[in-house]
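See structure below.
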Number of protein chains: 2
Amino acid sequence: MARTPTDIRSRRREQTRSEIIAAAWWLAERDGIAGLSLRDLAVEVGMRAPSLYTYVENKAAIYDEMFAAGYHELAEVLHEVELDVGDPISALEGRIAAFIDFCQASVPRYQLMFTRAVPEWRPSDAAYAVSVKTYERMTHDLGRLGIDAPEAVDLVTAVTAGLAAQQLANDPDGDRWRRLGRDAAEMILAQTRRM
Amino acid sequence: MARTPTDIRSRRREQTRSEIIAAAWWLAERDGIAGLSLRDLAVEVGMRAPSLYTYVENKAAIYDEMFAAGYHELAEVLHEVELDVGDPISALEGRIAAFIDFCQASVPRYQLMFTRAVPEWRPSDAAYAVSVKTYERMTHDLGRLGIDAPEAVDLVTAVTAGLAAQQLANDPDGDRWRRLGRDAAEMILAQTRRM
DNA sequence: GTCTATATCCAGATAGAC
DNA sequence: GTCTATCTGGATATAGAC
């Protein structure tokens, strides 16, 4: 692992790139995900807008990176939740709660990942692939809880997405819908047995 | 009811205003709800942008009118669904299906009413009041189906919103989630009895 | 009522000097 | 690598002539 000058330079580049993405998250928090501006972003990291183009291809590439990072984080969060197959209700409840927590932790991240809040942007194929991978992990875990039928999985995603959406839209800092996670888990599993 | 010249003039004004709103829906369908442009809108009704200001206060007022109209339409749609108290499962299923149909019928309308797809706009108090009225009617109907507890109502809104969101995001022209409406109704009512 | 012209502001992206 | 200057294109809204 020789430290050639090229290595060092590319490490610096990577680090600056990370700073840019971090600043983008901060600005998205301040101005909304759709309000992200390259001018502001540049200033935030001590540059002018044109200099950003040394580090990122264009604005869409920034959104792509944020989107993929979001799904990596989600996969990690869900991975950390205990998955006790002997108590599927609690297991499902825990995952629903973790998902809602994840959404509440960053509204712009939620908007970027799950809504079409950025009018002219859609994830690239590469970024989209990351999201698919995360969904595959999720369905795998649901299978271990006895939720196998595609319809049952769709029901889980719908209920979870709905709880999160209502929570963020109507009670962003509270837990009015998050509290219903246990009921939701109970009823989904009961219905799964009937399907 | 005398037909004074003022009456006629204000009728014409109202009609032009309606034409503008209708054109706005059409353009929203074409360019997305957030992509609505006053220039294009004016051309669509045979004017230039400045002339619109004779009919509407500003762009936000157009969104307000569309938003309120959306909730009026939703109230109407739900009102037309049969509400057979003797068969609450079918009654709830019907309302869920009607809601999803309503959302699928116009994506921009859905985005305007239920998502924050228009970055710099929020409904005025007057427009918001219309939505509240519609929700009150909905909860009243749910009460007649035996869904009384606030938590149960929240569960219904979450599940319904979730089904619609997944349907529009992942299968906009199909019925992959709409199909689950009966299961959803069943499980909600079963859970309601347990709550 | 409708227009042209314009004010004001913003955006993403590129050319080319240093 | 970073900058200034600029291109290109958009937006909402207003002033004031007709």
Side-chain angles (χ1 to χ4, degrees), chain A residues 4-21 23-24 27-28 30-67 108 112 117-124, chain B residues 4-21 23-24 27-28 30-67 108 112 117-124:
Chain A
T4 69
T6 321
D7 281 344
I8 294 166
R9 223 173 292 147
S10 82
R11 277 179 70 96
R12 284 195 84 86
R13 254 182 74 91
E14 253 331 292
Q15 207 199 319
T16 306
R17 209 187 138 90
S18 297
E19 274 173 43
I20 290 168
I21 300 297
L27 282 182
R30 196 189 68 184
D31 302 331
I33 189 70
L36 182 63
S37 130
L38 295 188
R39 277 172 172 46
D40 291 355
L41 178 54
V43 169
E44 199 67 24
V45 294
M47 302 177 179
R48 298 301 150 86
S51 308
L52 290 177
Y53 288 85
T54 337
Y55 300 99
V56 292
E57 202 193 336
N58 50 33
K59 194 184 183 182
I62 297 176
Y63 281 133
D64 272 336
E65 185 146 336
M66 296 169 85
F67 179 88
L112 181 66
V118 183
E120 300 286 301
W121 173 83
R122 299 195 48 174
S124 66
Chain B
T4 71
T6 322
D7 282 343
I8 293 166
R9 223 172 291 148
S10 83
R11 278 179 69 98
R12 285 196 82 86
R13 255 183 74 93
E14 253 331 293
Q15 207 200 320
T16 306
R17 211 187 136 91
S18 299
E19 274 173 41
I20 290 168
I21 300 297
L27 283 181
R30 194 189 69 184
D31 302 332
I33 189 70
L36 182 63
S37 135
L38 295 188
R39 283 201 211 319
D40 292 355
L41 178 53
V43 169
E44 200 66 22
V45 294
M47 302 177 180
R48 297 302 149 86
S51 307
L52 290 177
Y53 288 84
T54 340
Y55 300 98
V56 292
E57 203 192 334
N58 52 31
K59 194 184 182 180
I62 297 176
Y63 281 133
D64 272 336
E65 186 147 335
M66 295 169 85
F67 180 88
L112 181 66
V118 183
E120 301 286 301
W121 174 83
R122 297 194 50 173
S124 67

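Atom set for the values below is all heavy atoms of this structure, side chains included, hydrogens, waters and symmetry mates excluded. In what follows, every chain begins at residue 1, and chains take the letters A, B, ... in the order their sequences are listed.
Atom CZ of A/Arg48 is separated from atom P of C/dG12 by 16 Å (rounded to the nearest Å). For the pair A/Glu19 CD and D/dG1 P, the computed distance is 13 Å after rounding to whole Å. Put simply, OH on B/Tyr55 is 13 Å from C1' on C/dC3, counting in whole angstrom units. The CD-P distance, from A/Glu120 to C/dG12, rounds to 12 Å in whole Å. Atom C1' of nucleotide C/dG12 and atom CD of A/Glu57 are separated by 13 Å, given to the nearest angstrom. If you take CG of A/Leu41 and P of C/dA11, they are 12 Å apart, rounded to a whole angstrom.
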Between the protein and nucleotides 8-12 of chain D, are there any N/O to N/O pairs under 3.5 Å, and if so, what are the atom names and distances?
residue, atom, partner, partner atom, Å
D/dA11, OP1, B/Ser37, OG, 3.1
D/dA11, OP2, B/Arg39, NE, 3.3
D/dA11, N7, B/Arg39, NH2, 2.8
D/dT12, OP1, B/Leu38, N, 3.4
D/dT12, OP1, B/Lys59, NZ, 3.0
D/dT12, OP2, B/Leu38, N, 3.1

Under 3.5 Å, N/O pairs linking protein and nucleotides 15-18 of chain D:
none

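Contact annotation for A/Arg12: no contact, since no heavy-atom pair falls under 4.0 Å across all strands.
In this structure A/Ser124 satisfies the side-chain contact (heavy atoms from CB on, under 4.5 Å) test together with A/Asp64, A/Ala126, A/Ala127, sequence neighbours excluded. Residues forming a side-chain contact (heavy atoms from CB on, under 4.5 Å) with B/Ala24 (at least two apart in sequence, or on another chain): B/Leu36, B/Leu41, B/Ile62, B/Met66. For B/Ser51, the side-chain contact (heavy atoms from CB on, under 4.5 Å) test picks out B/Met47, with sequence neighbours left out. For A/Glu44, there are no salt bridge (Lys or Arg N to Asp or Glu O under 4.0 Å) partners at least two apart in sequence or on another chain. When the salt bridge (Lys or Arg N to Asp or Glu O under 4.0 Å) test is applied to A/Asp40, the partners found at least two apart in sequence or on another chain are A/Arg30. In this structure A/Arg48 satisfies the salt bridge (Lys or Arg N to Asp or Glu O under 4.0 Å) test with no other residue, sequence neighbours excluded.
A donor-acceptor pair under 3.5 Å links the side-chain atoms of B/Arg17 to the main chain of B/Tyr55, judged by distance alone.
Of the inter-residue distances, the one linking B/Arg9 atom CZ with B/Arg13 atom CZ reads 11.0 Å to the nearest 0.5 angstrom.
Of the side-chain N and O atoms in A/Ser51, one or more sit less than 4.0 angstrom from OP1 or OP2 of D/dC3. Distances shown here put a side-chain N or O of B/Arg13 below 4.0 Å from the OP1 or OP2 atom of C/dG1.
For residues 53-63 of chain B, the set of pairs meeting the salt bridge (Lys or Arg N to Asp or Glu O under 4.0 Å) definition, not counting sequence neighbours, is empty.
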